[in-house]
Amino acid sequence: MPELPEVETTVLDLKNIIGLSINKIKIYRNNIRYPIPKKITTLTKNTSILSIIRIGKYIVIKLNISYSIIIHLGMSGRLKMHYIKDSIIREKHDHAEIFLNNDKKIVFNDPRRFGILDFIKTSSINGYKYFSNQGPDPFDKKFNEKYLFNSISKSKTPIKNILLNQKIVSGIGNIYASEILFDSKISPLLKGMDITKEQNNRLAKSIKRILIIAIKNKGTSFKDHFLIDGTLGNYQNRFKVYNKDGKYIRIGKKRAKIVKIVQSGRSTFYCPYLQRI
DNA sequence: AGACGTACCTGACCGC
DNA sequence: TGCGGTCAGGTACGTC
């Protein structure tokens with residue numbers, strides 16, 4: 001599930017725990033993608049939550065003890081929140097639980113274990129090893145048409161792969177890369193160096209437009225739930241190309257086919273008639 | 001320096 | 001019903 005819109009939706013859902021206290025954190029499985037620091041359980045007892053922000057696809061929970069909790073949902077991770085008294089049985093792949101002082105807990109569930117749960121000094125966030133790969137957020141002032149053009153116009157890499165490069169712009173993943181390129185009428189195969197100014201400017205707009213619409217729809221839910229209360233996002237109902245290979249769409253008077261190709265081992269969906277090189 | 005493949009892991013699905 | 005193969009929303013790391 002988790003690209004920028006899904007992570008943003010999760011962060012927005014978490015906003016109402018700001019100001020609450022953490023009674024304790026329980027770790028049930030230490031070997032997710034990276035080991036979870038041991039001190040997360042000892043140092044977080046009776047701390048309070050100062051703020052929660054998103055950096056790319058990462059969630060940062062700042063505490064009042066000069067430490068922050070870092071969460072990345074990987075491919076299959078999600079957060080759930082429910083009343084402690086309602087949750088007698090732990091689900092499979094629940095790896096950690098954060099107990100709050102409002103009788104609720106946040107549960108970190110991640111079947112594939114590509115996610116991250118880390119605990120770092122808040123003062124070291126800027127130098128945090130995984131944040132050094134994070135380029136500007138699509139909604140950051142730094143991310144504009146000029147920045148995008150300068151970042152991609154010398155690259156031999158296909159634009160689809162460029163969009164997946166978090167260092168150039170953070171937060172876009174495999175679903176939204178296809179949807180954004182369809183929206184901007186650009187072929188996923190087009191090399192960065194071959195992009196025109198006009199295409200570049202359309203692309204910058206589409207990145208923001210598609211991600212905003214996705215956030216308004218509370219993100220994409222594939223087969224599993226992802227909202228913190230267990231309900232579904234809606235953006236999967238608005239896909240134009242993702243997972244729609246073989247389907248036809250109307251473009252003017254023409255019926256145009258959506259196809260699937262593979263780029264760097266990952267599926268790309270697009271309409272070759274609309275998105276010509 | 002940049003481009004590319006690989007590895008990490010579970011589960012769902014498909015064809016035999 | 002079972003088994004093997006393929007694929008899935010991400011990304012760090014090794015190698016050329």
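Convention: sequence-line order gives letters A, B, ...; per-chain numbering from 1. Just so it is clear, the structure is predicted and the values come from calculations on it, not from any experiment.
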Short side-chain N/O contact from A/S76 to OP1 or OP2 of C/dG9, under 4.0 Å
no
Checking A/R276 against A/Y273: charged group under 6.0 Å from the ring centre and within 45 degrees of the axis?
yes
Just the rounded figure in Å: distance from C1' of B/dC13 to CG of A/N243.
13 Å
Given B/dC9, is OP1 or OP2 found less than 4.0 Å from the side-chain N or O atoms of A/H93?
no
I'd like to know if the side chain of A/N64 and the backbone of A/S48 have a donor-acceptor N/O pair within less than 3.5 Å.
yes
d(NZ, A/K167; C1', C/dG10) in whole Å:
17 Å
Can you see whether A/N174 engages A/K160 through a side-chain donor-acceptor pair at a distance of less than 3.5 angstrom?
yes
Closer than 4.0 angstrom, basic N to acidic O: yes or no for A/K197 and A/E145?
no
Expressed as a whole number of angstroms, how long is the span from A/M193:CE to B/dG2:C1'?
13 Å
To the nearest Å, give me how far apart CG (A/D245) and P (C/dA8) are.
10 Å
Looking at A/K154, I'd like to know whether one of its side-chain N or O atoms comes within less than 4.0 Å of OP1 or OP2 on B/dA1.
no
Pick out which of A/F119, A/Y128, A/Y130 makes a side-chain contact (heavy atoms from CB on, under 4.5 Å) with A/I70.
A/Y128
Whole-Å P distance, B/dG5 and C/dC7:
15 Å
Atom-to-atom span, CG of A/L164 to P of C/dG10 - whole angstrom
7 Å
Check whether the aromatic ring of A/F114 stacks on the base of B/dC9, taking stacking as ring centres less than 5.5 Å apart and planes within 30° of each other.
no
Whether the side chain of A/S170 engages the backbone of A/Q166 through a donor-acceptor N/O pair (distance < 3.5 Å, no angle test) should be reported.
no
Presence of A/S264 side-chain N/O under 4.0 Å of B/dT6 phosphate oxygens OP1/OP2
no
Name the residue from A/K80, A/R29, A/R78 that meets the salt bridge (Lys or Arg N to Asp or Glu O under 4.0 Å) definition with A/D94.
A/K80
May I ask you to evaluate whether A/R266 reaches the phosphate of C/dG9, defined as a side-chain N or O under 4.0 Å from OP1 or OP2?
yes
Trace of the side chain to side chain contact (heavy atoms under 4.5 Å, CB included) decision for A/D13 with A/M81
CA-CA 10 Å; A/D13 283 349; A/M81 184 157 66; over 6 Å; no
Using a 3.5 Å cut-off on both pairing distances, which stems of three or more Watson-Crick or G-U pairs include DNA chain C?
B:2-8 with C:10-16, B:10-16 with C:2-8
Is_stacked (A/F222, C/dA8) at 5.5 Å, 30 deg:
no
Between A/R113 and B/dT10, is there a contact of a side-chain N or O with OP1 or OP2 at under 4.0 Å?
yes
Would you kindly check whether a donor in the side chain of A/R112 faces an acceptor in the base of C/dA8, or vice versa, at under 3.5 angstrom?
yes
Within less than 4.0 Å of OP1 or OP2 of C/dT11, is there a side-chain N or O belonging to A/H72?
yes
Report the distance from atom OH of A/Y242 to atom P of C/dA8, rounded to the nearest whole Å.
6 Å
Hey, is the main chain of A/Y242 close enough, under 3.5 Å, to the side chain of A/S178 for a donor-acceptor pair?
no
Between P on C/dG10 and CD on A/Q166, what's the gap in Å once rounded to a whole number?
8 Å
For the rings on A/Y235 and A/Y176, is their centre-to-centre separation under 6.0 Å?
yes
Might you list the N or O atoms of the protein lying below 3.5 Å from N or O atoms in nucleotides 12-16 of chain C, with each pair's distance?
residue: C/dA12; atom: OP1; partner: A/Y58; partner atom: OH; Å: 3.4
residue: C/dA12; atom: OP2; partner: A/N133; partner atom: ND2; Å: 2.6
residue: C/dA12; atom: O4'; partner: A/R33; partner atom: NH2; Å: 3.0

Looking at the side chain of A/K57, which of C/dG9, C/dG10, C/dA8 is the nearest nucleotide?
C/dG10
Whole angstrom is fine here: how far is it from CG in A/N165 over to P in B/dG2?
10 Å
Taking only side-chain N and O atoms of A/K156, does any of them lie within less than 4.0 angstrom of OP1 or OP2 on B/dA3?
no
Side-chain donor or acceptor of A/E6 paired with backbone N/O of A/L227 under 3.5 Å
no
